[in-house]
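Worksheet: one structure, shown below.
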Amino acid sequence: MSMITVEHLAVSYGHPNRPTRVVDDVSFEVGANETFGLIGESGCGKSTILGALAGRNRQWTGRITIDGEVIGAKRTQEQLARQQMVFQDPFGSLHPRHTIGRILLEPLEIHGIDDRQTRVEAVLRDVGLPVNFRYRFPHQLSGGQRQRVAIARALILKPRILLLDEPTSALDVSIQAEILNLLKDLRQRENLTFILVSHDMAVIAHLCDRVAVMQNGVFVETVTKQQILEGMVTHPYTKVLMDGSRGYTPKKLPTKTRGDVRISV
Ligand SMILES: Nc1ncnc2c1ncn2[C@@H]1O[C@H](COP(=O)(O)OP(=O)(O)OP(=O)(O)O)[C@@H](O)[C@H]1O
Ligand SMILES: [Mg+2]
């Protein structure tokens, strides 16, 4: 079953009278419990697509269907809760003067959900953090722990979909695989569907079933994980991305986790 269907999506920024279109005629489907990847050069429109799906970018045309419902211009609280974003920089995305507990309570308050303390404790356990971390501030956590908090905040409203925007690229190389494995576990346990943006083919191959390769606001090719692993890609730009990942992945990842994440070398 398809969890997300995007048909002829175009997204613009700027004044409605003089819009700049940055995503053009993009179509894809993501099955329930699948991870769909988006890869491509900086500025090609990856975050813009996630923003449109999350309800952050409103200037879009085309058709988006999420969990069987066609998404309109205005969304209900329930529709907004259904998909949550996780950003690249866990420090920037967590309020520095709020405790972890407060950061996690906020979405529950906004959505009027009860049983808050129990939910906060449960979600901290789900992401592998001690429950007493709720009394800490973001600066008292490591980068990896902060990204676990960002994932917990995304999960606390019990979404069906996580939109992951470079979730490991700001992290120390030694903990990138740890966070990717956590995401993989959560996807299974909570039956989640992911869209994962990354510039790293190794990260994509670790988590994604299929990946769309983007250039200048359009999809140039969509390939399966198997095609990536076997090097069976056709578009020259996909080949460039794969060669780039091959070159630096083995050096970048520590020996312990290298086999886990790398693509063929
Ligand atoms: N709020 C905005 N207002 C105007 N233009 C924007 C805005 N956000 C992004 N853009 C432009 O839209 C294009 C796509 O940006 P987007 O952030 O989606 O790229 P990206 O693929 O996520 O890049 P990166 O890999 O660097 O994160 C870029 O040209 C960018 O400058
Ligand atoms: Mg981006």
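Numbering of ligands and ligand atoms starts at 1, following listing order. When reading the values below, keep in mind they use all heavy atoms of this one structure, side chains included, and skip hydrogens, waters and symmetry mates.
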Could you tell me the residue and atom name of the protein heavy atom closest to atom 26 (O) of ligand 1, and the distance to it rounded to 0.1 Å? S42 OG, 2.5 Å
Charged N to carboxylate O below 4.0 Å: is that the case for E69 and R82? yes
Tell me whether the rings of Y237 and H235 are parallel (<30°), tilted (30 to 60°) or perpendicular (>60°). perpendicular
Nearest non-hydrogen protein atom, atom 15 (O) of ligand 1: T48 OG1, 3.6 Å
Salt bridge flag under 4.0 Å for residues R134 and E121: yes
Near the Mg ion (ligand 2), meaning under 2.8 Å, the protein N/O/S atoms are S47 OG
Closest to atom 6 (C) of ligand 1 among protein heavy atoms sits Y13 CD1, 3.2 Å
Side chain or backbone of V22 under 4.0 Å from ligand 1, or both, or neither, by non-hydrogen atoms? side chain
Taking only residues two or more places apart in sequence or in another chain, which ones pass side-chain hydrogen bond (donor to acceptor under 3.5 Å, both in side chains) with T168? none
Of all the non-hydrogen atoms in the protein, which one sits nearest to atom 27 (O) of ligand 1, and at what distance? S47 OG, 3.9 Å
For residues N33 and T193, is any side-chain donor paired with an opposing acceptor at under 3.5 Å? no
Among K46, E166, E41, find the residue that satisfies the side-chain hydrogen bond (donor to acceptor under 3.5 Å, both in side chains) test when tested with H199. E166
Is there a nitrogen or oxygen of G43 sitting under 3.5 Å from a nitrogen or oxygen of ligand 1? yes
Strictly less than 4.0 Å: does any protein heavy-atom distance to atom 30 (C) of ligand 1 fall in that range? no
Between E221 and K239, is there a salt bridge with N-O shorter than 4.0 Å? no
the protein heavy atom lying closest to atom 25 (O) of ligand 1 turns out to be K46 NZ, 2.8 Å
Within residues 26-48 or reaching into it, pairs that qualify as ring pair (Phe, Tyr, Trp, His ring centres under 6.0 Å) - sequence neighbours excluded: F28-F36, F28-F219
Should the pair R160-D67 be classified as a salt bridge under the 4.0 Å nitrogen-to-oxygen rule? yes
Test of understanding: with side-chain hydrogen bond (donor to acceptor under 3.5 Å, both in side chains), list the residues that count as partners of Q226, not counting sequence neighbours. E230
Polar atom proximity, E166 to ligand 1 (N or O, under 3.5 Å): no
